[in-house]
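Everything on this sheet refers to the single structure shown next.
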Amino acid sequence: MKKKKLNLRDIKPNPKKEHSQNDGHNHSGSESVGKFNTYLPAIFSFVMLMIGVAIDYFDMFPYFKGWIRLLWYVVAYIPVGFPVIKEGWNSIISGDFFTEFFLMSIATIGAFVIGEYPEGVAVMLFYAVGELFQSAAVNKAKGNIKALLDVRPNEALVYRNNDYISVSPETVEIGEKVQVRVGEKVPLDGILLSEKGSFNTAALTGESKPDTIAKGEKVFAGSINMDGVIEIETTKEFKDSSIARILDMVQNATARKSKTELFIRQFARIYTPIVVFLAIGVTFIPYFFVDDYVFRDWLYRALIFLVISCPCALVISIPLGYFGGLGAASKNGILFKGASFLDAMTKINTLVMDKTGTVTKGVFKIKEIKSIGWEESEFMKYLMAMEEQSTHPIAKAILEYKDEGADYKASEVSEIAGKGLKGIVNGKTVLVGNKTLMTANKINALEETETIVESIVLVSIDNTFAGYVVIADELKDDAKETITNLHKVGVKNIIMLSGDKHSITQQVARELGIEKAKGGLLPEDKLNEVEALKKNPENKVAFIGDGINDAPVLAASNVGIAMGGLGSDVAIETADVIIQTDQPSKVVRAIKISRSTRKIVWQNIILAFGVKVIVLILGAGGLATMWEAVFADVGVALLAILNAVRLQRMTWS
C-alpha cells in the first residue's frame, strides 16, 4: 500500500514562503506560527466536537436536533475530514483504491449515514491528530540527520586579484587559496597552508573534541575553524568534497528500504482490500444466519472493523524506526547508506579486517633505539644526517626524533637500490639500511636483529656496527578494546588480512587477541579469502578497510565498512557503512545501534498486529465501539511512534 503524507495545511489559502537567512526579515516567530497553523484545523474540529457533545449530553438547547445538529457536526468534520477525503479521491483516480484514506473516509461517512455524528467526527479527528504526530516524529528523525550534516558552507573567501573576495563554494577551483576566519566553516577540502589550526569536526565525525591540524595536512569541508584566521589550498571542487558526498549519501540513504519495510508495504497492499471485503461480509452475511438481523447494527460493526483495520501504525512506525536508527548512527559518527544495511549489520558473525590504517594508525614511529659504543643522541645525529637525504616513510619517522645539540650534515650520499644509503658524516663513512647492506660490506650485525619482525634500520659508522632503530606502526588506542567487545556482541570469527609482512601481521594479531591472520597479501588475495568465507551460507561477512586497494573486498562482502572514510574517496563510494573517525570501536557501536533499531521495529510490528487482531475480533462480535477502534488504530500508532523515537535518545557505550 502506498503511504502518502496527510497534510492538513492543504486547506490553507497561502503556504508560507521560504526566505534566505540573509533577506533582512525577522523569522523569530515564523516557525511557531507555522506549527500553530498546522494544528489549527484539528483544534477547531476538537472545540466544535466538544461543544456538540456537551450540548447532546446535557440537552442544553432543544433546537439542537435534525439538520441543525447534522450541520454542526459536518462543520466540525470538514477541517480534518476534507484533506483525508481529498487524498483518498486522488488515490482512487490514480488507481490505488485501498488506502488508509479510503478506509477512514468510508468509515466516518458511514457513521454519519447511520446517525453517529460525534463518533464520525471523533474518529477522523483522532486519525488526523495521529497523522500530525507521525509527521512531526518523522520530521524530527529526518531533522536529526539533517542537523548533523547540514554544514554545507554558504560562501568561500578566495584569493583573487590580490584580494580575498566572497564567492559561492561551487565556483572555487582546485589549487586556489581560501581564507577561513574563526567560527566559520571550511568551504572545501584542502591542504592547510597556515602553521596549524584547530577544527571542530563534530558534524563530520561525531567527535566533539577539537582536531588540531598541522601545516600541509588535510582539512575537510564542513569543519569549523576554532582558532585564528587560517588559509587552505583547495584540493577538490565543492561537488567532490567530503561533506557534499556525505550529504548526498545520507539524503539517498532513506531510499534504500530494508526487507522488513518492503515486506510490510507489500503486505499492506494485500491486507487492505481483504479487510474491505471482510467488512462488506460483516455487514451482509449475518442476514442469512441471524434471526433478528438489524442492518444498522451490522453496518456499525463493519465500520468499526474498517477503522481498526487501517494499517497506518505499521506503515509509518516501521520506516520511522529505521529513520531513528539512521539518525542515531549519524549522531555517533557512523553513516549507513540505507536501512537495508542496518538490517544486514545485525546478522554479522564474521569480521575481516585490514591492518594498516584500520587497527593501526598507519604512521611509522620509533619503537626502539639501540646504540653500541655511542651515546644515543650522538648515534641518532649520524643517522638523521643520512635520513635527511631520503623521502622514505621510515626516514620521516626517524627525523621526528628530538634532541638538543647541533645537527650533522651528510655529504656524498648515494642510494644503494634495495639496500639503503651510504655517505660521509663528520668525516666518517656511514651505512644505513638493511641486513643485506651490512653483509655486502662485511659488517656483522647483532644476532638479536634476526628475530625482530618489525621494520629495522641498521647503522654502521666507519665500518663498525653502531646500532639499530626499530620502526613500527602503532596500534590505535581502542584497537584491543574493539576486539574484546566484538566477541561480546557475538562476532565469533575475527580475521586479519594485510599486505604487510606476514611476521608483522601475526605479531599485531597476537597483541590484539586475533586468532586468524595472514600477511603479504595482494588485493586479489584478500578478495579470494572473503569469497571463500562467503561460500559457507552461515557466514555473514563484514570487511573493514581504509584504502583504495580494499575497494574490491568492500564491495564483495555482505557489509563493507570504510574506516576513516573522510580520507578515502574510493571507500566512500564502495562501502555500505562509513565510520567517520579512525576508531575501530565505532564498528561495535554500529552493530549495537542496528540491533536496537531492529528490536524496536519488531516491537512495533507485534504491538500493531496484536492489538488490531484482538479489537477486530471484539468489533466483529459487537463488543467494541468506535472508541476502541480509534485506540486500535491511532492509539497504537502513537505508541509505536513513541517507541521508535526512543532510538534518538538512546546511548550505546
Side-chain angles (χ1 to χ4, degrees), residues 334 344-365 367 451-455 470-536 538-547 549-550 552-554 556-565 571 575-577 579 581-592 594 653:
I334 304 161
M345 200 71 165
T346 64
K347 302 171 185 175
I348 295 302
N349 57 21
T350 301
L351 188 72
V352 181
M353 58 173 59
D354 181 37
K355 179 183 73 68
T356 307
T358 301
V359 294
T360 68
K361 294 180 179 179
V363 178
F364 286 112
K365 295 286 184 182
K367 183 177 180 181
T451 60
I452 297 173
V453 297
E454 293 98 339
S455 298
V470 177
I471 306 293
D473 194 358
E474 287 184 289
L475 286 176
K476 291 182 179 176
D477 297 335
D478 59 343
K480 289 184 180 180
E481 169 195 356
T482 299
I483 303 304
T484 301
N485 289 335
L486 281 169
H487 286 302
K488 288 181 180 178
V489 296
V491 180
K492 298 178 181 178
N493 303 317
I494 302 177
I495 303 165
M496 179 182 290
L497 303 178
S498 177
D500 206 345
K501 289 194 301 184
H502 184 70
S503 57
I504 295 176
T505 304
Q506 290 289 343
Q507 183 180 0
V508 171
R510 283 193 297 271
E511 287 184 47
L512 294 175
I514 298 174
E515 294 181 0
K516 300 177 184 177
K518 290 185 179 181
L521 301 177
L522 297 173
E524 54 266 33
D525 298 326
K526 293 182 182 180
L527 181 61
N528 292 336
E529 292 285 342
V530 169
E531 292 287 3
L533 288 168
K534 285 180 65 181
K535 287 181 181 179
N536 183 347
E538 293 183 3
N539 289 336
K540 302 300 178 184
V541 183
F543 179 83
I544 314 172
D546 73 315
N549 60 337
D550 293 326
V553 201
L554 286 168
S557 54
N558 297 115
V559 179
I561 306 170
M563 182 64 63
D576 308 312
V577 183
I579 305 297
T581 65
D582 281 330
Q583 297 172 288
S585 57
K586 289 289 182 75
V587 176
V588 179
R589 193 169 299 181
I591 293 172
K592 290 181 178 179
S594 300
S653 57

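Note that the coordinates shown come from a computational prediction; the quantities given were computed from them, not determined experimentally.
One distance of note links CG of Asn493 with CD1 of Ile514; it measures 12.0 Å at 0.5 Å rounding. Between the OG atom in Ser498 and the CD1 atom in Ile504 there is a gap of 8.5 Å [rounded to 0.5 Å]. With rounding to the nearest 0.5 angstrom, the CG atom of Asn558 is 11.5 Å from the CE atom of Met345. The structure places CD of Glu481 at 13.5 Å from NZ of Lys476, a figure rounded to the nearest 0.5 Å. Taken to the nearest 0.5 Å, the OG1 atom of Thr350 stands 6.5 Å off from the CD1 atom of Ile495. Considering OG1 of Thr484 and CG of Asp478, their distance stands at 11.0 Å, rounded to 0.5 Å.
Side chain of Asn349 to backbone of Asn539: no donor-acceptor contact under 3.5 angstrom is found. The backbone N or O of Thr360 sits nowhere less than 3.5 Å from a side-chain atom of Asp473 that would complete a donor-acceptor pair. Panel note: side chain Gln506, backbone Lys518; no donor-acceptor pair is recorded below 3.5 Å.
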I'd like to know whether Ile561 forms a side chain to side chain contact (heavy atoms under 4.5 Å, CB included) with Val587, so could you lay out the CA-CA distance, the side-chain angles of the two residues, the decisive distance to 0.1 Å, and finally the verdict. CA-CA 8 Å; Ile561 306 170; Val587 176; 4.0 Å; yes
Determine whether Leu497 and Asp354 satisfy the following criterion, side chain to side chain contact (heavy atoms under 4.5 Å, CB included), listing intermediate values before the conclusion. CA-CA 5 Å; Leu497 303 178; Asp354 181 37; over 6 Å; no
Given side chain to side chain contact (heavy atoms under 4.5 Å, CB included), test Gln507 with Glu454 step by step and report yes or no. CA-CA 9 Å; Gln507 183 180 0; Glu454 293 98 339; 3.0 Å; yes
I would like to know whether Val489 and Asn485 meet side chain to side chain contact (heavy atoms under 4.5 Å, CB included); could you show each step before the answer? CA-CA 6 Å; Val489 296; Asn485 289 335; 5.7 Å; no
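The two residues Thr505 and Ala517 come nearest to each other via the heavy atoms CG2-CB, 4.1 Å. Residues Ala556 and Leu527 come closest through the heavy atom pair CB-CD1, 3.5 Å. Here the closest non-hydrogen pair linking Ala479 and Pro584 is CA-CG, 4.3 Å. Across all non-hydrogen atoms, the minimal contact from Ile483 to Gly513 is CG2-O, 4.3 Å. In terms of heavy-atom proximity, Val541 sits nearest to Ser557 at O-CB, 3.7 Å. Nearest heavy atom pair, residue Ala472 against residue Lys367, reads CB-CD, 3.9 Å.
The shortest side-chain heavy-atom distance between Val352 and Val553 does not fall under the 4.5 Å cut-off. Considering only heavy atoms from C-beta on, Leu351 comes within 4.5 Å of Leu486 through its side chain. The closest side-chain heavy-atom distance from Ile494 to His487 is below 4.5 Å. Looking at Val588 and Lys592, their side chains come closer than 4.5 Å, going by heavy atoms from C-beta outward. Residues Met496 and Lys516 form no side-chain contact, since every pair of their non-hydrogen atoms from C-beta on lies 4.5 Å or further apart.
Between Glu511 and Lys480 there is no salt bridge, since no side-chain N of the basic residue sits under 4.0 Å from a carboxylate O of the acidic one.
Atom NZ of Lys534 has more than 12 heavy atoms from other residues, nucleotides or ligands within 6.0 Å.
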